[in-house]
Each structure stands twice: as C-alpha cells, then as structure tokens.
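Every chain is numbered from 1 and lettered A, B, ... according to where its sequence line falls, protein lines coming before strand lines. Remember, predicted model here, so these are calculated numbers, not experimental data.
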Number of protein chains: 2
Amino acid sequence: MAPTREGAAGRDDRSVTGKLFMLLSAFRSGSAELTLSEIAHRSGLAMTTVHRLVGELTERGVLERGSDRRYRVGLALFEIAALAPRGPGLREVALPYMEDLYEVTRENVQLGVRADEEVVFVERLAGRASVGVRTRIGGRFPMPPTGVGLVLLAHAPSEVRQRVLAAPLRRFTSHTLTDPERVRRVLADVRRDGFAVSDRQVTSDALSVAAPVFDGSGAVVAALSVVLRFGSVRPSSLAPAVRMAARGISRALSSAPDSTGGSLAG
Amino acid sequence: MAPTREGAAGRDDRSVTGKLFMLLSAFRSGSAELTLSEIAHRSGLAMTTVHRLVGELTERGVLERGSDRRYRVGLALFEIAALAPRGPGLREVALPYMEDLYEVTRENVQLGVRADEEVVFVERLAGRASVGVRTRIGGRFPMPPTGVGLVLLAHAPSEVRQRVLAAPLRRFTSHTLTDPERVRRVLADVRRDGFAVSDRQVTSDALSVAAPVFDGSGAVVAALSVVLRFGSVRPSSLAPAVRMAARGISRALSSAPDSTGGSLAG
DNA sequence: ATTTCGTTTCCGTTGAACGGAAAATCCGGT
DNA sequence: ACCGGATTTTCCGTTCAACGGAAACGAAAT
C-alpha cells in the first residue's frame with residue numbers, strides 16, 4: 001500500500017467503474033483544476049492507469065484541459081447530469097417559485113434534497129445584497145443545522161433519523177444545537193408546524209426558514225428555504241411565504257409528467 | 001496522435017469507459033427514466049453488460065431507481081458535474097448579474113458556452129410571464145440561429161466557423177437565415193458592434209439580444225442573452241443593458257481566483 | 001548544464017469484463 | 001388464482017482490455 005492518506009475512499013476499487021468514480025471524485029476535494037499526478041494522488045490510483053482513463057475521458061469531453069494543461073470537469077458530464085430528476089430536473093420546475101420568493105425577500109433562496117444522511121443543495125438564488133452562506137450548489141452539508149436539512153430530516157425514514165442523531169452533531173456556532181434530544185423535539189415541531197427555523201446554527205449572522213416540497217404521492221422530496229440576516233425580520237413572519245412557494249412547487253411537480261419522487265434507501 | 005475529427009458518435013465501444021459513456025448517454029434522448037432493457041437497447045450494449053454496469057453505478061449513486069424501479073440519473077453525477085468550471089462554476093459568478101438583467105426585462109435570461117460546434121446552455125432564468133423557449137439547460141443547440149450562438153460563433157476560431165457554415169443551416173422559422181454568406185456578414189457585425197440580435201430565428205414570436213463574456217485573458221468564454229417577445233421592445237434598446245451585464249460577469253471572472261477560460265480544440 | 005518534477009510511451013502479464021444460457025421474477029390478461 | 005410472455009437477475013467458462021513497472025520524454029527550476 002502506498003502512503004496515500006485517503007480515509008473516505010470506497011472499498012471496491014477493482015472495477016473500472018469504481019476507478020472512474022474515484023478518479024472523478026478527486027475533483028470534489030480542493031480546487032477545480034488538477035494535474036495528472038494530483039488526480040493520481042488524490043484518487044489513489046496508479047499514474048499509468050489515471051493517464052489512460054483521463055485520456056479517454058478527455059476525448060469524450062467528460063474532462064477538459066485548461067490553458068495551463070490542467071484537467072477540469074468538462075461539459076459532457078454537465079450535460080448528462082442536467083438530466084437528473086432530483087437535480088436540474090427539480091430545479092427547472094422550482095425556479096419560477098424561487099424567483100418570486102427572492103423578489104420578496106432579496107435574500108438567498110435555497111432548494112435542497114436529501115442524499116443519504118446529508119443535504120445536497122440543488123439550487124440557490126442570491127443577489128449581491130444577500131447575506132453570505134457556507135453552502136455550495138452540488139455540495140453536501142449536514143442536515144441538523146440547516147433549515148432545509150431540518151425539514152428533510154423531519155420527514156425522512158426513521159432509520160435515517162436514528163443514524164443522524166446517533167452521530168455527534170457538529171457545532172458551527174455557539175447557537176448550534178448539539179443535543180440529540182433537543183433536535184428531536186425541534187423535528188417534531190417541524191412536522192407539526194409545516195416549516196422549520198434554523199436560528200444561527202451555521203453562521204452567527206444568519207438564520208433560515210424552510211418548508212417541505214411534496215411530490216404527487218405526498219412524499220417529501222425536497223425542501224425550500226430563505227436565508228435571512230439575523231435580526232432583520234421575525235422568522236415566523238416569513239413562514240407563510242416560504243410555505244406558499246413550496247406548495248407551488250409541489251403542485252407543479254404533481255401535474256408535471258415527469259415525477260420526481262425518489263427514495264434513497266438507507 | 002492528431003485529435004480525431006469524427007466527433008460525436010464514436011465507434012469505440014471497446015473500453016469500459018466508452019461503454020459507461022454510451023450507457024449514460026442513453027438518458028440524453030427521450031425520457032429521463034428508463035428500464036434496464038431500454039438502456040441496453042438505446043446504448044447498443046448487451047443486456048448482461050448493462051445489468052452489471054448499471055448495478056455498480058446505482059451502488060455509487062450515479063444512477064438511482066425510482067418508485068417504479070426505473071433508472072434515472074442520480075445525484076452523485078450532479079455533485080461532480082457541479083464542479084465544472086464552464087458549467088455551474090461559471091453560473092455561480094454570473095448569477096447576480098443575470099438576476100439584475102431579469103429584473104429589468106422580466107424575460108428569459110440565458111447563459112451559454114460553446115461545445116464543439118454547438119451551444120450548450122448553462123443557465124436560464126425565467127419567470128412565469130416569460131415567452132416560451134426551445135432550449136434546455138444542459139442541452140445543445142445549433143449556433144447560427146441563437147443570440148448566444150451568434151456571439152460565440154463570431155468569436156470562435158476560424159476553423160470552427162468554417163465548419164459550421166459549411167454544413168447546411170437548419171431552418172426553424174421562415175425568418176431563419178440559411179445562406180452562409182448572410183450569416184458571415186452578421187457575424188462581422190457582431191464582432192464590430194459587441195452584441196448580436198437573433199430576430200425570430202428559432203420561434204416566430206421571440207428574438208434575442210446577446211453579448212460576449214470575456215475571461216481574464218480577453219478570450220470569449222461565454223455569451224449572455226435576453227429573449228424577448230417579438231414586437232415588445234426595440235432590440236437595440238436592450239443591447240446596452242445586456243452588454244453591461246456581460247461586462248459585469250467578465251470583470252467578476254477576471255478577479256475570481258478560479259479562471260474559467262477554456263478551449264475545446266477543434 | 002544539471003536536477004527535479006510531471007507526462008507519455010512501451011509491453012508482458014493477468015484477472016476483470018464479457019455475454020450466452022438458464023433460472024427467477026414481474027406483469028398483464030383471463 | 002392461474003397462466004404465458006417479457007423483463008430482470010444469476011451463473012460460469014473464455015478472452016482480451018486493463019494494468020502497472022520501467023524507461024523515455026518534456027519542461028521548469030537551480
């Protein structure tokens with residue numbers, strides 16, 4: 001074994017499919033542009049193997065080479081990923097409603113779905129006046145501290161909830177809830193009220209209000225949130241607007257031919 | 001050796017990488033949800049091969065299974081594609097400027113880049129009042145009839161321009177320009193004026209005004225456009241606004257640490 | 001000029017990928 | 001509930017694509 005220090009890597013690196021996945025995942029951590037040897041190092045694959053695979057991927061546009069000859073994720077991957085029903089597909093029908101919400105609040109409007117035990121943010125509208133957020137589109141984030149996460153967690157299968165609350169809850173600010181029992185009670189409130197408030201859980205100057213998005217079968221498939229600067233408005237006063245927008249998306253999803261209901265079995 | 005000119009439909013289905021690419025590309029044409037045998041049929045691969053590959057992809061979240069057991073593109077692919085500098089990376093810095101433009105016009109605001117000899121749309125903002133467009137995010141479109149396409153083509157390497165104008169120009173409406181010489185003159189105007197107008201080239205009720213987006217080195221890396229209902233405003237009156245927004249994006253790109261300049265050699 | 005670091009080519013070995021065949025499962029029809 | 005056709009999944013012997021060590025090549029830095 002080489003002295004590579006990757007802990008998160010998958011177990012199965014025998015198949016080409018697995019190698020390709022590890023190779024592409026190398027771009028997730030760190031910068032968006034990598035040299036061949038950086039890819040080899042981060043993916044834990046042999047140089048020659050990476051060289052061959054990267055060559056083929058580049059030929060097909062899955063990777064591209066920049067002016068400095070570095071490799072970057074290419075458009076071909078973007079084109080295929082654009083077809084993901086829970087990603088851009090969902091975004092497509094949600095956008096007009098998010099737009100409305102943005103106009104009213106002038107603050108970050110976020111749309112997220114659950115992947116395993118984390119949130120993946122699918123879309124975010126932000127103007128230049130919006131308060132800064134630590135999330136990135138296509139990026140993961142723990143569920144408990146975020147508004148969308150609370151909604152998704154509240155409506156997730158109980159096994160998922162168990163597992164998430166069994167793990168230590170990461171602290172971001174002095175307000176972050178780290179007691180599983182407290183969070184459990186918050187989740188019950190979220191289910192009762194139909195919306196969630198995350199008060200300075202991620203950054204000390206922001207809070208978010210979130211509401212669930214349902215598919216045709218009544219399952220929660222996503223969550224919508226607005227991120228506000230702390231102190232600017234009373235959170236609960238925005239709940240109706242967020243819920244309205246979320247319901248608008250839900251309705252659009254039900255009537256759309258392309259059902260976006262999906263489950264990630266734990 | 002020399003880069004293969006054969007373009008899209010590569011006959012190289014020997015390598016696993018190629019097979020995976022063909023497999024995933026099966027989702028491009030037609031619906032977003034496919035059964036195993038549909039994937040096998042569309043990709044041209046053997047059932048057992050597809051079965052094995054699809055199984056592994058599903059394990060990693062690159063594909064997902066819906067409630068009806070059909071396969072769809074999964075979030076893992078979306079997460080990786082989100083790192084593409086010319087895709088979501090570009091979108092991220094462009095969004096606030098696009099937002100501004102949307103507010104002023106209340107119409108479709110589009111951002112596109114060139115891939116080979118076509119446009120790939122990276123982002124589109126649209127309200128409910130906007131006119132319908134035939135483009136899709138992550139989708140391809142011929143360059144000559146679209147606003148963004150005209151800008152990208154005008155600033156593309158001359159070989160690209162040659163090839164595009166050598167091929168027959170597809171007609172969408174009675175106004176679509178199909179004479180290469182006419183288009184060539186339009187492209188010269190685009191370079192001189194700093195913006196492009198596509199008048200009812202794609203649909204008879206819409207026209208678009210587009211301007212180039214530059215990276216730090218002065219190369220055109222993208223194009224921004226507004227799609228208007230025909231007759232609502234005089235196109236040239238919007239040119240300054242579009243150019244302003246495009247320049248804003250250009251400036252943001254230059255100062256960003258992550259250069260998004262990229263070339264796709266012909 | 002020499003070192004260093006990254007990239008690319010070469011080639012013999014090997015096991016992952018392959019796909020035909022058959023079993024298992026699903027599904028609409030009766 | 002029962003049947004027949006279509007779809008999905010498992011099994012397994014064969015083979016060729018994938019592999020990676022070694023060495024040549026290229027480009028900056030010293």
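Side-chain polar atoms of A:Arg65 and A:Thr58 form no donor-acceptor pair below 3.5 angstrom.
Residue order along DNA chain C, read from the 5' end via each residue's closest nucleotide, puts A:Ser37 first among A:Ser37 and A:Thr17.
Judged by distance alone, the side chain of B:Arg161 and the main-chain N or O of B:Ala156 form a donor-acceptor pair under 3.5 Å. Distance alone, capped at 3.5 Å, places no donor-acceptor pair between the A:Gln110 side chain and the A:Val148 backbone. For A:Arg70 (side chain) and A:Leu34 (main-chain N/O), no donor-acceptor pair under 3.5 Å exists by modelled atom type.
For B:Arg163 and B:Glu159, the salt-bridge test fails: no basic side-chain N is under 4.0 Å from an acidic carboxylate O. Taking the charged nitrogens against the carboxylate oxygens, B:Arg91 and A:Glu123 do have a contact shorter than 4.0 Å, which makes a salt bridge. Using a 4.0 Å cut-off between charged nitrogen and carboxylate oxygen, B:Glu118 and B:Arg114 do not count as a salt-bridge pair. A salt bridge links B:Arg124 with A:Glu92; the closest basic N to acidic carboxylate O contact falls under 4.0 Å.
Picking from C:dT7, D:dT8, C:dG19 the nucleotide with the shortest atom distance to the side chain of B:Lys19 gives C:dG19. Listed candidates were C:dT8, D:dG20, D:dT8. Nearest to the side chain of A:Tyr71 is C:dT8.
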Atom pairs, N/O to N/O, protein against nucleotides 21-30 of chain D, distance under 3.5 Å?
none

Using atom names, set out every protein N or O paired with an N or O of nucleotides 13-16 of chain C below 3.5 Å, distance rounded to 0.1 Å.
from, atom 1, to, atom 2, distance (Å)
C:dA16, OP1, A:Arg14, NE, 3.4

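If you take CG of B:Leu63 and P of D:dT8, they are 14 Å apart, rounded to a whole angstrom. Going from atom CZ of B:Arg65 over to atom C1' of D:dT8 covers 9 Å, rounded to whole Å. Spacing between atom CG of A:Leu20 and atom P of D:dA17 amounts to 16 Å, rounded to whole angstrom units. B:Arg52 places its CZ atom 6 Å from the C1' atom of C:dC18, with the value rounded to the nearest Å. One atom, CG of A:Leu53, and another, C1' of C:dT7, lie 16 Å apart when rounded to the nearest Å. A straight line from NE2 of B:His51 to P of D:dC12 spans 16 Å, rounded to a whole angstrom. Going from atom CE of B:Met47 over to atom C1' of C:dT25 covers 13 Å, rounded to whole Å. Here the P atom of nucleotide D:dT9 and the CD1 atom of B:Ile39 are 11 Å apart, to the nearest Å.
Aromatic pair A:Phe78/B:Phe121: ring centres not closer than 6.0 Å.
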Dot-bracket assigned to DNA chain D with the 3.5 Å Watson-Crick/G-U criterion, [ ] for crossing and | for other-strand pairs, is |||||||.|||||||||||||||||||||.
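Within a 6.0 Å sphere centred on CZ of B:Arg69, heavy atoms belonging to other residues, nucleotides or ligands number 12 at most.
Just one residue in the list B:Glu64, B:Glu33, B:Glu79 forms a salt bridge (Lys or Arg N to Asp or Glu O under 4.0 Å) with A:Arg86, and that residue is B:Glu64.
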